Amino acid sequence: MKINFLSVVMVLVFLTLPVLSTRAEDMRDVNVEARRIRQELINKASAEKREAERAAAESRTRILNDRAALTEAVADLETKKRKLAEDIERLESEAAGLNVREEELSGQLLETDSVIRELVGVIRIDAKEIAALIAQNPQWAMDDPPTPFLESIAGEENFPGMNDIRRMSEILQGEIRKTGEVFAGKGRIVDRSGRETEAEILMLGSFTAAYRLGDEEGFLNYSPASRKLFALSKLPSRDLRKKISRYLDGRSEDAPVDVSHGGALSQLVHRLSLWEQLPKGGPIMLPIGAIGILGFLLILERSLFFLRKRCDGDGLLQTVAGLASARQWEACREAVARFRGRPVAEVLASGLDCRDLSREDMESALQETILKEMPATERFLSTLAMLAAIAPLLGLLGTVTGMINLFHMITQYGNSDPRMMSGGISEALLTTMLGLAVAIPLLFAHTLLSRKADNLIDQMEEKAVTVINILQKTRLGA
């Protein structure tokens, strides 16, 4: 209202200024007109004030009404908010409980899943092991093996169920029964020449399969791929063949069994005799073999020498002592002459020949006789010791040269084939084996022969002293 009033006054001032400036003389009329206009403006302002007050009252009433509605709406919203907060709190509590339950169920699921995976893995491994047992059992050559079913279980494409597990159990029980069964009868085999023929077959569980074809007895090898029995290329020893034949004839309860499931039979096939291995050692094998032959000849010569020179020195000495005490010198010479050529007898004969000499001369004469017999007694012993020392050195030389050749092969062809390396090492070690095989008996024989020679020399020295004492006593007694 104050604003409207000031505006009216300002309008009046601006309206009256031109009138005052132009028409001073009509001031009165102007004042009257101004009062009239002023009154009209006042009336108009009063009307506008009343209208404004009425509009303000209506607005106040409307605002108050709106405020009450808003207050009611706010209260309603607060109620809803509290309810929603309670619902949220309840839902959060339920969500927390569900999260805990979810974690528990997830843990149980993971544990159950791991157990199932482990169980399935064990079942697959068991299927592979059962298939391996069936592949090693030659009894399945006469029957249809369940290998495809086991391979499907062992693979990843088939998830085993309870029926599969029950069938695996039945197969395993059947395999156990076959392991303890003995089969003897006719059957088809592939003989050593590669021809399929009918023979007498002996199967001892899952360990050994043997056959008899005419006069030939041997072992069989089972091939699970072809489901055939193959005769081993090499026949077993005569003793094993006799045992197989006697068992098939029912004359014996003993039969050879290969408990290694073919390992021993494989060794039987691939085992080489000493004569088959010797050519693989190279040129060093020739001098080692020559040393062995020469050493054997020397051992034979020395053994024959000591056999020829063997003499009962104590008995002969007692005979000479008895005859010498009776001064029967011819009888003494005859008793010694029966053992001529034996070192002990030569020493006694030399003592009898110089019985009239002094003790010093007799000792010198007997020592000369002993020295004369020593070269023949110790002959070839040093040579034998030298051969025993050279043989292992030659073997070591062959091993070194063989290893050098092996390293050259590895440099040229690489070491991707372990069999080539093992074969080369085996051939390189053959020379050392032969060298030791030659040196050990040579060294042993040298020790024995040296001990024999030393004993013979000691015996000659002992008998020389004894015969000098006997002759001296006889002389003094005379």
Side-chain angles (χ1 to χ4, degrees), residues 1-125 127 152-165:
M1 294 300 294
K2 292 180 179 181
I3 295 173
N4 292 330
F5 180 74
L6 289 176
S7 62
V8 172
V9 173
M10 293 297 294
V11 170
L12 291 176
V13 171
F14 283 104
L15 290 176
T16 55
L17 285 177
V19 176
L20 290 175
S21 60
T22 55
R23 297 180 179 180
E25 65 275 6
D26 296 327
M27 194 67 175
R28 190 174 193 150
D29 293 332
V30 173
N31 290 333
V32 173
E33 185 65 21
R35 282 197 295 272
R36 185 182 62 80
I37 293 171
R38 179 181 177 184
Q39 188 64 39
E40 290 178 357
L41 290 174
I42 291 172
N43 293 333
K44 186 176 180 181
S46 298
E48 290 179 356
K49 179 180 179 181
R50 286 192 298 274
E51 183 65 25
E53 290 177 350
R54 186 186 62 79
E58 291 178 356
S59 297
R60 189 179 299 111
T61 303
R62 188 170 59 254
I63 290 172
L64 291 175
N65 293 333
D66 292 341
R67 181 178 180 181
L70 290 173
T71 303
E72 184 179 357
V74 168
D76 187 28
L77 291 175
E78 290 291 339
T79 303
K80 291 181 179 180
K81 179 180 178 182
R82 286 193 299 273
K83 185 177 180 182
L84 290 174
E86 293 175 356
D87 293 340
I88 291 172
E89 184 178 0
R90 179 177 55 80
L91 292 175
E92 288 179 350
S93 177
E94 292 179 358
L98 292 175
N99 289 332
V100 173
R101 182 59 177 167
E102 182 183 6
E103 291 179 358
E104 293 177 355
L105 294 177
S106 298
Q108 294 177 1
L109 180 61
L110 290 175
E111 184 178 357
T112 304
D113 185 64
S114 63
V115 171
I116 292 175
R117 289 179 181 273
E118 183 178 359
L119 180 60
V120 171
V122 170
I123 294 173
R124 297 190 192 281
I125 293 174
S152 66
I153 296 297
E156 298 292 337
E157 67 277 0
N158 187 11
F159 188 84
M162 290 303 301
N163 293 329
D164 298 329
I165 296 174

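This is a predicted model, so every value here is computed, not measured. The figures that follow rest on heavy atoms only: side chains count, while hydrogens, waters and symmetry mates do not.
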Could you grab the distance from atom [atom1] of [X] to atom [atom2] of [Y], nearest 0.5 Å is fine?
| X | Y | atom1 | atom2 | answer |
| --- | --- | --- | --- | --- |
| Ile165 | Ile123 | CD1 | CD1 | 3.5 Å |
| Asp76 | Thr71 | CG | OG1 | 12.5 Å |
| Ile37 | Lys44 | CD1 | NZ | 12.0 Å |
| Ser59 | Glu53 | OG | CD | 12.5 Å |

Donor-acceptor contacts under 3.5 Å from residues 109-119 side chains, at least two apart:
{"from": "Thr112", "atom 1": "OG1", "to": "Gln108", "atom 2": "O", "distance (Å)": "2.7"}
{"from": "Asp113", "atom 1": "OD2", "to": "Arg117", "atom 2": "NE", "distance (Å)": "2.8"}
{"from": "Ser114", "atom 1": "OG", "to": "Leu110", "atom 2": "O", "distance (Å)": "3.2"}
{"from": "Ser114", "atom 1": "OG", "to": "Glu111", "atom 2": "O", "distance (Å)": "2.7"}

Greater than 12 external heavy atoms within 6.0 Å of Glu58's CD: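 Yes, the 6.0 Å shell around CD holds more than 12 heavy atoms from other groups.
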Asn43-Gln39 side chain donor-acceptor pair, cut-off 3.5 Å: yes
Show the atom names and distances, to 0.1 Å, of all donor-acceptor pairs under 3.5 Å that link a side chain in residues 80-93 to residues at least two apart or in another chain.
{"from": "Arg82", "atom 1": "NH2", "to": "Thr79", "atom 2": "OG1", "distance (Å)": "3.4"}
{"from": "Arg90", "atom 1": "NH1", "to": "Glu94", "atom 2": "OE2", "distance (Å)": "3.3"}

Set of residues satisfying salt bridge (Lys or Arg N to Asp or Glu O under 4.0 Å) with respect to Arg101, sequence neighbours excluded: Glu104
